[in-house]
Amino acid sequence: MPGVTISAGYGTGGSRIAQLVADELFLPLIDRAISAEVAAELHITVEEAQDASFSRSLTDRILGMLAPLASGVLGAGTDAAPAEAAAAPTDADLFRERVEQRLRGALSAGVVILGRAGSAAFRDEPDVLRVRLFGPKPRRIAHAVRAQGVDEATAQKRLAQVDAARAQYVRRLYGLDIDDPSLYHLQLDSTVLPEPECAQLIASAYRALHPS
């Protein structure tokens with residue numbers, strides 16, 4: 001199951017570096033868009049799937065939509081829900097399983113995965129190189145200002161929001177800390193190292209893990 005997972009903090013150039021790595025290794029790139037696709041299939045939002053306070057199962061939600069139409073046919077009153085609903089997987093469980101299924105299918109042929117808690121999902125897979133891109137907040141903000149053409153206040157606000165959302169994603173779906181160094185083989189400060197060099201280092205690490 002060869003592949004690379006890249007976890008990137010806001011303002012670290014993750015999208016560009018991941019594409020450079022994919023190009024260097026002649027592998028396809030899967031980015032964060034996969035989460036939106038899976039969420040749409042499950043008729044939920046990504047935010048609902050990763051929100052720790054959102055725990056209603058899909059069964060509960062379907063029963064809730066049917067209840068006004070049932071007119072007693074289902075025999076469902078307001079006192080209790082069917083036993084099956086209580087044991088049903090939550091939206092987050094189903095979301096995680098669907099995302100992992102897609103990622104594992106792609107990994108069978110080799111792939112670069114950007115985000116989507118790939119380092120957590122495949123932490124026990126010896127053939128998957130797990131990478132973290134990071135940097136001090138002031139440098140990440142400055143990097144975002146240059147790369148995205150936004151002002152410093154906007155970049156600072158986005159950094160707080162995006163970092164919190166990504167940490168929540170890993171914590172909610174896997175019960176892990178995104179900052180845990182044991183999740184990664186390689187951590188690079190991409191606010192200091194140029195993006196092409198970061199990509200080359202990741203590609204070299206991948207080839208070391210998969211010698212021909």
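Pairing each heavy atom of Gly14 with each of Ala8, the nearest pair is CA-CB, 3.7 Å. Taking each heavy atom of Thr5 and Ser119 in turn, the nearest pair found is OG1-OG, 3.0 Å. Ala155 and Val150 get closest at one heavy-atom pair: CB-CG2, 3.9 Å.
For the pair His143 (side chain) and Thr12 (backbone), a donor-acceptor distance under 3.5 Å is absent. A donor-acceptor pair under 3.5 Å is formed between the side chain of Arg140 and the backbone N or O of Gly135. Without hydrogens or angle criteria, Arg130 side chain to Arg123 main chain gives a donor-acceptor distance under 3.5 Å.
For the pair Pro136 and Asp189, the minimum side-chain heavy-atom distance is below 4.5 Å. At a threshold of 4.5 Å between non-hydrogen side-chain atoms, the residues Leu25 and Arg207 count as touching. Using a 4.5 Å cut-off on side-chain heavy atoms (C-beta onward), Leu107 and Ile113 make contact. Side-chain atoms of Val112 and Tyr206, non-hydrogen and from C-beta on, never get closer than 4.5 Å to each other. Side-chain contact between Arg132 and Leu183: absent, with no pair of heavy atoms (C-beta onward) separated by less than 4.5 Å. When side chains are defined from C-beta on, Ile178 counts as touching Tyr184, because their heavy atoms get closer than 4.5 Å. Using a 4.5 Å cut-off on side-chain heavy atoms (C-beta onward), Leu114 and Ile6 make contact.
The CG atom of Asp151 sits 10.5 Å away from atom CD of Gln156, with the distance rounded to the nearest 0.5 Å. With rounding to the nearest 0.5 Å, the separation of CG in Leu209 from OG in Ser204 is 12.5 Å. To the nearest 0.5 Å, the span separating CZ on Phe122 from CZ on Arg104 amounts to 5.0 Å. Leu186 CG to Leu133 CG: the interatomic distance, rounded to the nearest 0.5 Å, is 8.5 Å. Summarising the geometry, atom CG belonging to Leu129 is positioned 7.5 Å from atom NE2 belonging to His210; distances are rounded to the nearest 0.5 Å.
Side-chain contact annotation: Gln168 with Arg171, donor-acceptor N/O pair under 3.5 Å present.
No chain of hydrophobic side-chain contacts below 4.5 Å, direct or via other Ile, Leu, Val, Met, Phe, Trp or Tyr residues, connects Leu188 to Tyr10. When hydrophobic clusters are built by joining Ile, Leu, Val, Met, Phe, Trp and Tyr residues whose side-chain heavy atoms come closer than 4.5 Å, directly or via intermediates, Val128 is grouped together with Leu176. Ile202 and Leu27 fall within the same hydrophobic cluster, defined by Ile, Leu, Val, Met, Phe, Trp and Tyr side-chain heavy atoms under 4.5 Å apart, directly or through other members. Under the 4.5 Å side-chain contact rule for hydrophobic residues, Leu29 and Ile17 share a cluster. Taken together through direct or relayed side-chain contacts under 4.5 Å among Ile, Leu, Val, Met, Phe, Trp and Tyr, Val162 and Phe134 form parts of separate hydrophobic clusters.
No salt bridge links Lys137 with Asp163; every basic N to acidic carboxylate O contact stays at or beyond 4.0 Å.
More than 12 heavy atoms of other residues, nucleotides or ligands sit less than 6.0 Å from atom CD of Gln148.
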